[in-house]
Amino acid sequence: MSDLSYVRTEMLPQKAPPATSVGVVGWLRENLFSSVGNSALTVVTGALLLMLLSAILPWVFLGIWDAESLADCRAQFAEMYADGRTYACWAVIADRWDQIMFGYSFGNLNEGLYWRPLLGLALILVALSPILYPNVPRIMYVATAATLFLYPWLIWGGSIWGPLTLAMCIIGGIVAFRFASQVMITAFALPVAIVVTAVLIMVVMGPLSNGLASVAALELQPVPSREVSGFVLSITIGIVAIVASLPIAIMLALGRQSDLFIVNKLSTGFIEIIRGVPLITLIFVATVLMKYFLPSHIDLDPVVAVMILVTLFTAAYIAEVIRGGLAALPKGQYEAADALGLTYWQAQRLIILPQALKISIPGIVSNFISVFKDTTLVSIVALNDPLGISGAIRSNSDWNGIVWELYGFIALVFWIFCFSMSRYSLWLERQLQTGHR
């Protein structure tokens with residue numbers, strides 16, 4: 001019987017893919033025209049976008065940057081276009097951008113003070129680098145600690161010895177914590193450190209600061225809190241709320257899951273009360289009503305009060321996001337930590353929290369973006385955020401009637417900050433990805 005089997009002795013040459021499945025044509029066919037419904041939706045969406053862009057782009061790019069007032073802009077448009085068409089009057093941004101960005105204290109009233117908020121922002125970016133990128137040199141942690149005291153001095157001014165002596169008092173508390181943890185039960189070390197720090201701040205800080213100031217008066221021009229305005233105010237409140245709320249939120253999330261009755265109920269009550277009240281109400285209470293319940297000799301700084309309330313508000317929301325991350329971990333992770341003989345705090349630091357925070361990254365960043373945008377609510381208590389500054393600009397007779405240009409510029413700046421946080425969140429998720437990609 002003859003063998004009719006056939007075995008190929010050489011491979012056929014590889015053929016090029018169809019032209020309609022690769023390149024631009026392939027991408028369009030796969031993503032925009034893969035079916036009749038998808039094609040119809042693409043055509044309709046494209047037509048709407050074309051109509052929208054045909055109206056917006058000329059208004060944006062044919063605008064005027066050199067004018068002294070809105071009336072001047074309109075006069076120039078009348079000379080340029082006989083049909084009476086008008087476009088964006090960007091001259092208001094060229095004229096008042098410094099007020100929007102730096103407020104009145106650092107804006108056009110004091111041009112020599114631009115360097116203070118700019119240096120403060122640069123210090124913040126340097127200080128955040130160890131948090132955003134863990135592989136930076138350890139010396140950057142020193143910059144982070146220094147920024148906590150230098151940034152308020154740059155913004156509010158006054159003597160530098162106040163922030164420096166405060167730093168000394170906190171360092172004294174840290175030394176007390178380390179000493180107490182070696183000579184007594186570790187559980188008592190933290191209360192001892194808190195007491196020592198409080199005593200140093202209340203008793204030693206004032207006389208020491210005044211004494212150093214009398215020897216070497218190193219100070220900047222003071223800026224009252226109510227004069228801190230524009231994006232300097234929004235960025236300051238946003239940065240403080242974002243940085244300070246995360247550790248508070250972690251403690252609240254752990255407290256809500258704790259088996260200790262008092263800790264659990266206090267954490268739960270705080271979270272539910274804060275989350276049940278609108279932020280605008282909390283800001284109003286902090287800056288307007290709180291002074292009626294405080295002694296008359298206490299002058300409540302409105303910006304500090306807003307910072308505290310916004311921080312606590314953000315912490316309550318992020319605590320629930322982190323609690324969701326803790327609940328998502330399988331029980332085996334907790335059992336593995338117990339099997340290794342780790343203490344509660346060791347297990348949280350080394351095993352539980354790193355995984356829970358990784359799961360919670362999208363929700364945490366979403367809350368950070370939200371709180372940064374919510375800083376515009378401070379306008380209800382007469383603090384001039386960028387929107388408050390825009391209202392003052394529009395009340396000027398030169399720019400009365402201008403709207404879209406101011407709000408568009410402010411929206412663009414907010415979008416840049418929020419989009420940057422969003423991109424960093426995606427980058428961090430990819431860096432921490434340990435599963436299948």
Side-chain angles (χ1 to χ4, degrees), residues 52-118 120-121 155 221 223-238 280 283 302-303 306 372-419:
L52 185 63
L53 293 178
S54 63
I56 292 178
L57 293 182
W59 183 85
V60 172
F61 291 104
L62 297 179
I64 293 176
W65 288 88
D66 186 12
E68 296 181 356
S69 65
L70 180 58
D72 189 12
C73 279
R74 290 171 177 172
Q76 293 187 43
F77 287 133
E79 293 178 3
M80 297 168 59
Y81 307 103
D83 57 356
R85 298 188 65 179
T86 59
Y87 298 96
C89 183
W90 296 118
V92 64
I93 305 301
D95 183 45
R96 300 298 183 93
W97 68 272
D98 50 355
Q99 288 185 15
I100 298 173
M101 298 301 299
F102 301 106
Y104 297 119
S105 296
F106 305 106
N108 62 349
L109 300 182
N110 291 287
E111 295 182 3
L113 301 182
Y114 282 167
W115 66 273
R116 286 169 55 175
L118 290 176
L121 180 60
I155 299 301
Q221 177 181 336
V223 176
S225 282
R226 287 205 173 270
E227 293 186 12
V228 177
S229 52
F231 272 102
V232 171
L233 177 63
S234 293
I235 292 173
T236 301
I237 296 175
I280 193 170
I283 293 175
V303 176
V306 168
F372 180 64
K373 293 185 295 184
D374 285 345
T375 56
T376 56
L377 295 176
V378 300
S379 59
I380 67 164
V381 290
L383 296 178
N384 284 319
D385 68 306
L387 293 181
I389 295 289
S390 70
I393 294 173
R394 292 173 59 225
S395 65
N396 186 282
S397 58
D398 289 338
W399 304 110
N400 188 13
I402 202 163
V403 178
W404 292 106
E405 293 86 343
L406 285 171
Y407 290 147
F409 177 74
I410 293 170
L412 176 63
V413 176
F414 269 109
W415 179 83
I416 291 172
F417 279 99
C418 296
F419 183 74

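Sequential numbering from 1 along the given sequence is applied to the chain's residues.
The side-chain heavy atoms of Met101 and Phe409, taken from C-beta on, include a pair separated by under 4.5 Å. Using a 4.5 Å heavy-atom threshold, the side chains of Phe372 and Phe414 count as touching. With contacts defined as side-chain heavy-atom distances shorter than 4.5 Å, the pair Arg394/Ile402 qualifies. The closest side-chain heavy-atom distance from Leu233 to Asn384 is not below 4.5 Å.
Interatomic distance, Arg96 CZ to Asp398 CG, rounded to the nearest 0.5 Å: 7.0 Å. Here the CD1 atom belonging to Ile280 is positioned 4.0 Å from the CD1 atom belonging to Ile380, to the nearest 0.5 angstrom. The distance from atom OG1 of Thr86 to atom CZ of Arg74, rounded to the nearest 0.5 Å, is 7.5 Å. Separation of atoms CG (Leu406) and CH2 (Trp97) is listed at 15.0 Å; rounding is to 0.5 Å.
Here the closest heavy-atom approach between residue Tyr87 and residue Pro58 is recorded as CD2-O, 3.3 Å. Contact record, Ala88 with Glu405: CA-OE2, 3.5 Å, taken as the closest heavy-atom pair. Smallest separation of non-hydrogen atoms from Thr375 and Val378: O-CG2, 3.1 Å. Closest approach of Leu70 to Gly401, counting heavy atoms only: CD2-C, 3.8 Å. The heavy-atom pair separating Cys89 from Trp399 by the smallest distance is SG-CZ3, 3.8 Å. When all heavy atoms of Leu62 and Phe77 are compared, the closest pair comes out as O-CE2, 4.0 Å.
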Could you pull out every donor-acceptor pair under 3.5 Å between side chains of residues 385-393 and any protein atom, sequence neighbours left out?
from	atom 1	to	atom 2	distance (Å)
Asp385	OD1	Gly388	N	3.2
Asp385	OD2	Leu387	N	3.3
Ser390	OG	Leu387	O	2.6

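Under the side chain to side chain contact (heavy atoms under 4.5 Å, CB included) rule, Val306 has a single partner from Ile283, Thr236, Leu377, which is Ile283. Each of Ile100, Ile93, Thr376 was scored for a side chain to side chain contact (heavy atoms under 4.5 Å, CB included) with Ile410, with one residue passing: Ile100. Among Ile237, Ile155, Leu121, Leu118, the single residue meeting the side chain to side chain contact (heavy atoms under 4.5 Å, CB included) criterion with Val232 is Ile155.
Enclosure of atom CH2 in Trp59 by more than 12 non-hydrogen atoms of other residues, nucleotides or ligands within 6.0 angstrom is indicated. Residue-environment remark: CG (Asp66) stays at or below the threshold of 12 foreign heavy atoms within 6.0 Å.
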